[in-house]
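What follows is one structure encoded as structure tokens, with my remarks underneath.
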There are 2 protein chains.
Amino acid sequence: MPKQVDHEQRRRQISSALWRIAARRGLESVSMREVAAEAGMSVGLVQHYFASKEEMLAYTSTHLRERLEQRVRESIAALGSPATPGQRLRAMLVALLPTDPDSRDETLVGMALFIRALNDPALATRYRHGRTQLTTAVAAQLAECGVHGDGEVAADTLLALIDGLASDLLLGHHTPAQALRVLDDHLAKTTRPAIG
Amino acid sequence: MPKQVDHEQRRRQISSALWRIAARRGLESVSMREVAAEAGMSVGLVQHYFASKEEMLAYTSTHLRERLEQRVRESIAALGSPATPGQRLRAMLVALLPTDPDSRDETLVGMALFIRALNDPALATRYRHGRTQLTTAVAAQLAECGVHGDGEVAADTLLALIDGLASDLLLGHHTPAQALRVLDDHLAKTTRPAIG
DNA sequence: CTTTTTGCAATATGATTGTATGGTAACCGA
DNA sequence: TCGGTTACCATACAATCATATTGCAAAAAG
């Protein structure tokens, strides 16, 4: 057989082509042919790595999620070692916002896939688990900040706020600076009394 | 000609068929044939009232927006005449949340159309204007509550929160009761000191 | 050496898409 | 009553879709 190939890398390569198309022209423009062309390969090869379009979209969905988690980790790590819990919380939340072209594309496609998943119970369940994970992670950071009251409600509040700000950023209703102002304003009012 | 027909009513009827399909099986399942079948008419008749699919989607988008504004008005009106500014603000925000099957369907389709609009500059501009209108309206209600600080930031915070809560409701991460708890918690912390 | 197996492409298939066209029947204004 | 307009349907059309099939060349396995 021809030189052995890294399956996972090929899948990522195809998936990247997919969300480049989806980001530029929408999920509805994603077809086997378009993806193959963008990835610079034949339709048959795309089929070789993904049995169906559905499988390709599902893979992209988890791939995007992994990249998101990585961005969060990197954002926290970039703070350096002497960082306060409050700084880590903020870094985490900011990393969830689409503030540069790359994250903008990822968020845009992620939202399109999310909406799509709402009409499919199985997919929706996966997103629901992911969403619960996020709440848990944010609540943990909040606990380290020593906030008073129900940490889970506070975490859900923050994540809902982030989700809305993300939409506003994609729409162009906010600039990144404006979105950060809204976020910081909220953080100041809700966590500052406890952080001191 | 056959008995004169109310064009606007026909358009609404077709548009309703469209978002019934979109809510149940997603925007990607919306086709001329499906819409015609759901509306109980021929494809040709749908074409008679909408020159293109794009026009049909655009109409649905503004139709949904009108219904949203109407829900907000009704929600405020339902308070009765002796209502505090704080109650009016809350009624307005709650009306934006998908808390029953009908509003759930509308929000779901509205979000799908929103994501779609992000890849079309002209449509995005319309949504941006609508979003700005909302901020203005909420800021006005906030002003009546006599809040301190930047009313526009507070309004944008509230609307971003609502948007995120709407997503969480659609996903099933929150029940309506949970979403209201998050909203009320936030309102208490941000407006109560001023309302007294 | 064969003999598989594997990466990859070309093409076939049948369904579905948005839209265009041609028609029929009903009703209005003249 | 008659030309013209309108509501509506059936169907045709070319494009595009996801997927299945076939084939071939390269390299690993025997």
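Letters A, B, ... are given to chains in the order of the sequence lines, protein chains preceding strands, and every chain is numbered from 1.
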Round to a whole Å and report the spacing from [atom1] of [X] to [atom2] of [N].
| X | N | atom1 | atom2 | result |
| --- | --- | --- | --- | --- |
| M41(A) | dG7(C) | CE | P | 12 Å |
| Q9(B) | dA7(D) | CD | C1' | 14 Å |
| R25(A) | dT16(D) | CZ | P | 12 Å |
| M32(A) | dT17(C) | CE | C1' | 17 Å |
| L45(B) | dA20(C) | CG | P | 16 Å |

Looking only at N and O atoms, is any donor in the side chain of Q47(A) or the base of dA20(D) less than 3.5 Å from an acceptor on the other one?
yes
Check whether the side chain of R33(B) and the base of dG18(C) form a donor-acceptor pair under 3.5 Å.
yes
So does R12(B) get a backbone contact from the side chain of S16(B), meaning a donor-acceptor N/O pair under 3.5 Å?
yes
Any donor and acceptor pair, going by atom type alone, linking the side chain of R104(A) with main-chain N or O of L170(A) inside 3.5 Å?
yes
What's V46(A) touching, base or sugar-phosphate or nothing? Going by heavy atoms closer than 4.0 Å.
nothing
Would you mind classifying the nucleic acid contact of V35(A) as base, sugar-phosphate or nothing, using non-hydrogen atoms under 4.0 angstrom?
nothing
Near DNA chain D, counting only heavy atoms under 4.0 Å, which residues of residues 48-62 of chain A show up?
S52(A), K53(A)
Counting only heavy atoms not in E152(B), do more than 12 sit closer than 6.0 Å to its CD atom?
no
Separation of L161(B) CG from L97(B) CG (nearest 0.5 Å)
8.5 Å
dist D156(B):CG -> H186(A):NE2 (nearest 0.5 Å) comes out at 14.0 Å
Distance test, side-chain N/O of R10(B) to OP1/OP2 of dC8(D), below 4.0 Å
yes
N or O in side chain of H7(B) less than 4.0 angstrom from dA7(D) OP1/OP2:
yes
Which residue, D163(B), V153(B), T135(B), V138(B), forms the side chain to side chain contact (heavy atoms under 4.5 Å, CB included) with L158(B)?
V138(B)
Note: for E28(A) and G44(A) on DNA chain D, the residue whose nearest nucleotide lies more 5' is E28(A)
Pairs involving residues 36-51 of chain B, ordered by first then second residue, that meet side-chain hydrogen bond (donor to acceptor under 3.5 Å, both in side chains) (sequence neighbours left out)
R20(B)-E38(B)
